[in-house]
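Reviewing the structure listed below.
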Amino acid sequence: MPNYWLFKSEPDCYSIDDLKRDKSTFWDGVRNYQARNLLRDSIKVGDGVLFYHSSCDPMAIVGIADVTKGGSPDRTAFDPKSDHPDPKSNPDNPTWYGVEIHFRDKFKKAVLREDIKGEKRLAKMVLLQRGSRLSVQPVTADEWRAVLQIAGIKGN
DNA sequence: GCCAACGTTGGC
DNA sequence: GCCAACGTTGGC
């Protein structure tokens with residue numbers, strides 16, 4: 001049984017269209033320990049990812065991706081020229097991790113944050129919880145199905 | 001190990 | 001642009 005997750009991204013930084021173009025990408029740059037633990041320990045090959053556009057208009061779940069490689073060290077932390085270097089992370093004992101995801105679908109109609117708020121089945125999503133700012137967060141199987149149903153995706 | 005100060009996130 | 005909530009840092 002796969003597990004399900006929601007990854008936040010600011011579309012100016014990396015959008016669903018970027019993922020569609022790239023097909024696959026390594027989800028790097030997460031610098032939060034709670035999210036790191038999920039990336040390193042819990043997110044497995046075959047899991048499903050809801051791709052969410054944050055800090056933009058409109059904020060929405062815009063598509064889905066599959067995890068194609070589980071937690072592995074985020075090498076951008078070692079690169080002083082990367083967007084998010086961390087000199088404290090050591091290649092022999094990496095602090096930060098990421099996973100590889102592969103594009104599956106871009107929703108024809110994005111599931112807007114506004115709509116999520118009005119949907120009973122999605123009321124408990126971590127995304128909507130007060131003060132929640134985890135950029136990688138768990139999604140229940142019921143929430144996953146509800147989102148896909150609202151997006152008009154069949155067979156999941 | 002507490003906690004105040006500070007920095008960041010992200011919805012509004 | 002504002003600001004509440006949260007995470008991190010560092011002095012004690």
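In the text below, chain A, chain B and the rest are named by the order of the sequence lines, each starting its count at 1. What you see is a predicted model; the values in this text were computed from it and never measured.
Annotation: salt bridge (Lys or Arg N to Asp or Glu O under 4.0 Å) contacts involving residues 67-79 of chain A, sequence neighbours excluded, comprise A:Arg31-A:Asp74.
Residues meeting the side chain to side chain donor-acceptor pair (under 3.5 Å) test with A:Tyr14, sequence neighbours left out: A:Asp22. Applying the side chain to side chain donor-acceptor pair (under 3.5 Å) rule to A:Asp86 yields the partners A:Trp96; only residues at least two apart in sequence or on another chain are considered. Remark: A:Trp5 engages no residue in a ring pair (Phe, Tyr, Trp, His ring centres under 6.0 Å) (not counting sequence neighbours).
Membership of an apolar cluster is not assigned to A:Phe26, as no side-chain contact below 4.5 Å to another ILVMFWY residue is traced.
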Nucleotides 7-12 of chain B: protein proximity per nucleotide (B base, S sugar-phosphate only, - neither; heavy atom, under 4.0 Å): BBBSSS

